[in-house]
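Computed from heavy atoms alone, side chains included, the values below leave out hydrogens, waters and symmetry copies.
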Amino acid sequence: MTGDPFLEAAARLDSSPPILPPPEVDEVKVWQALSAVIDPEIGLDIVTLGMVYEVETIENAVRVTFTLTTPGCPMEGVITRGVEQAVASVPGVEHVQTVLVWDPRWHPGMIREGAW
Amino acid sequence: MAIDLKMLELDPRSGGGSESRRVTPVGSRLGSASAPSLLLPGEHFAAALVFWVLGGMGLVWVAPDLARGLFPLPRVIAVAHLFTLGWITTTILGALYQFLPVALRVPIRSAALAHLSFGAYVPGLVLFVAGLIGARHGLMLAGAVLFGSALLLFVANLAGTLWRCRDRDLTWWALSGASFFLLATVVLGVLLTGNLERDYLGAERFLALGVHIHVAVGGWVMLVVVGVAHKLLPMFLLSHGAPEWPGRLAVVLLSAGSVLLLALHHQLGPAAIWTVAVLLGGGLVAFVGQAVLFFRRRVRPALDPGMRLVAAALGFLATALILAPAFLVNGLAAPRLATAYVLALLLGGISHFVAGHYYKIVPFLVWFHRFGPLAGTREVPKVADLYDPRVANAIATLLVSGTLGLIVATLAGYVPLARPSAVVFALGAGGLALQMLTIVRRRPA
């Protein structure tokens with residue numbers, strides 16, 4: 001046991017291929033769920049803000065790599081929890097891993113055009 | 001189902017990361033996770049708002065004195081301290097308790113000490129102001145010693161917090177300098193209070209009063225403003241990437257000017273006074289320039305009411321800069337000019353800057369504690385949805401027009417304009433306090 005749902009999922013698949021295909025996580029629905037998480041100060045959702053860098057799915061585990069507008073952003077805890085709660089609500093998702101990164105550094109040019 | 005095992009090696013701590021990404025482990029987050037409970041900033045903001053409303057009412061009382069340039073009157077000094085210590089400093093203390101753990105990523109050294117400091121500060125200030133109004137020197141001194149001790153505790157707590165911070169950026173240096181100058185301001189203030197009884201400063205008491213005001217404003221308040229604005233303005237305005245050298249220059253100039261003031265104190269000659277003026281004025285210009293850069297580089301198209309008040313504050317600071325040379329040339333020979341200069345600086349510039357940030361900090365705290373836990377589970381309001389922007393804009397209009405009226409009335413010596421202007425300001429001050437109360441009562445449906 002590594003404690004990492006991704007590694008455990010990979011190990012299970014390598015050692016014993018499942019008889020029945022596991023329920024697939026619809027990545028589109030993950031992105032839709034992430035669109036419900038807002039930066040409440042800016043008033044836009046984190047997808048429109050370009051803060052979600054990557055969504056990876058393996059079996060029923062989802063890893064979301066994201067950033068914040070600035071290191072020390074007071075919304076860090078709230079947005080991280082929001083990502084976890086939003087993705088966990090997607091059908092088929094059993095594990096959510098959030099990875100907060102500062103490289104590449106977020107800048108306002110990452111906001112989707114026409115967002116305002 | 002094919003698994004791309006490289007995908008599992010993203011975390012650079014495993015040594016297999018293909019990209020140079022710095023990952024913040026979820027379990028070791030600081031920032032908001034280590035911020036104190038709502039009570040600590042909340043009690044400070046509540047007290048500050050009470051002082052703000054009292055200050056507004058006090059302005060109505062002393063407005064004719066202001067228009068006549070009678071700034072040395074004890075009741076005028078009492079009202080001034082309702083703003084400087086009651087509104088500005090109490091807010092700064094509460095805001096720093098919330099801001100430091102987030103911005104510098106270190107928890108407050110001691111929350112218990114912070115509560116203790118608050119418990120001594122508020123009664124001390126009430127005693128001091130009551131002593132000034134009632135001409136009870138003993139009461140004043142007792143109040144000054146009490147709130148002075150509270151500020152000592154605050155500085156010790158702040159120093160302990162800053163000491164543990166590894167990332168010593170502009171904000172760190174600004175706040176370190178500010179804590180030193182806060183101590184100096186308290187010492188100078190206690191000296192002035194004692195002078196009322198024993199008159200050891202003699203004819204130099206007005207110079208000592210000027211040094212006290214300018215160390216308080218330039219060394220304490222402005223350094224905090226520069227340090228906090230360096231983090232908050234780009235975040236609020238989305239103006240990342242703006243040049244930051246004016247902010248660094250502001251810290252250097254404000255610190256140098258305040259040190260020179262302290263070193264020479266009541267022995268300041270004309271050359272030293274002009275040197276200090278150039279240093280402090282240059283620091284103010286550098287800060288206003290930095291703030292203007294942030295505003296001009298912003299991506300957010302519309303300014304919310306809070307940022308409008310901050311923009312108005314910058315305008316008042318620029319007004320104070322324009323009045324400063326005339327004040328320096330005329331000195332106490334033009335008391336109305338001196339009063340108008342201090343009004344533009346303290347009431348117009350710094351008090352509006354603080355008021356603007358209430359529209360950012362209070363709704364954020366309410367959102368963070370009440371709506372934050374619901375993020376990702378249901379639709380939640382934005383921070384700006386917690387108050388009516390039309391009411392906020394009306395309040396801002398009252399505050400700005402009342403202040404402008406007072407400054408004009410004082411400059412012109414036109415007493416009939418002073419009190420109505422002060423009433424307009426007081427209505428704005430009361431409106432702001434009521435709107436904050438409305439925000440605090442917002443809860444999820």
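Residues of residues 39-47 of chain A lying under 4.5 angstrom from chain B, judged on non-hydrogen atoms, are A/Pro40, A/Glu41, A/Ile42, A/Gly43 in numerical order. Contact residues of residues 354-363 of chain B toward chain A are B/Lys360 (heavy-atom distance under 4.5 Å).
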With a 3.5 Å cut-off and sequence neighbours excluded, list the donor-acceptor pairs that the side chains of residues 231-241 of chain B form with protein atoms.
residue  : atom : partner  : partner atom : Å
B/Lys231 : NZ   : B/Asp169 : OD2          : 2.7
B/Ser239 : OG   : B/Phe294 : O            : 3.3
B/His240 : NE2  : A/Thr69  : O            : 3.1

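Partners of B/Thr377 according to the side chain to side chain contact (heavy atoms under 4.5 Å, CB included) rule, which considers only residues two or more places apart in sequence or in another chain, are A/Gln85, B/Leu374.
Contacts with chain A were tallied for B/Val299, B/Val380, B/Asp385; B/Val299 has the most, counting heavy-atom pairs under 4.5 Å. By number of non-hydrogen pairs under 4.5 angstrom with chain A, the leading residue of B/Pro381, B/Pro373, B/Ala384 is B/Pro373.
Annotation for B/Trp172: atom CH2 counts as buried by contact number, over 12 foreign heavy atoms lying within 6.0 Å. More than 12 heavy-atom neighbours from other residues, nucleotides or ligands sit within 6.0 angstrom of CZ on B/Arg300.
Between B/Gly376 and A/Val37, the closest heavy-atom pair is CA-CG2, 4.2 Å.
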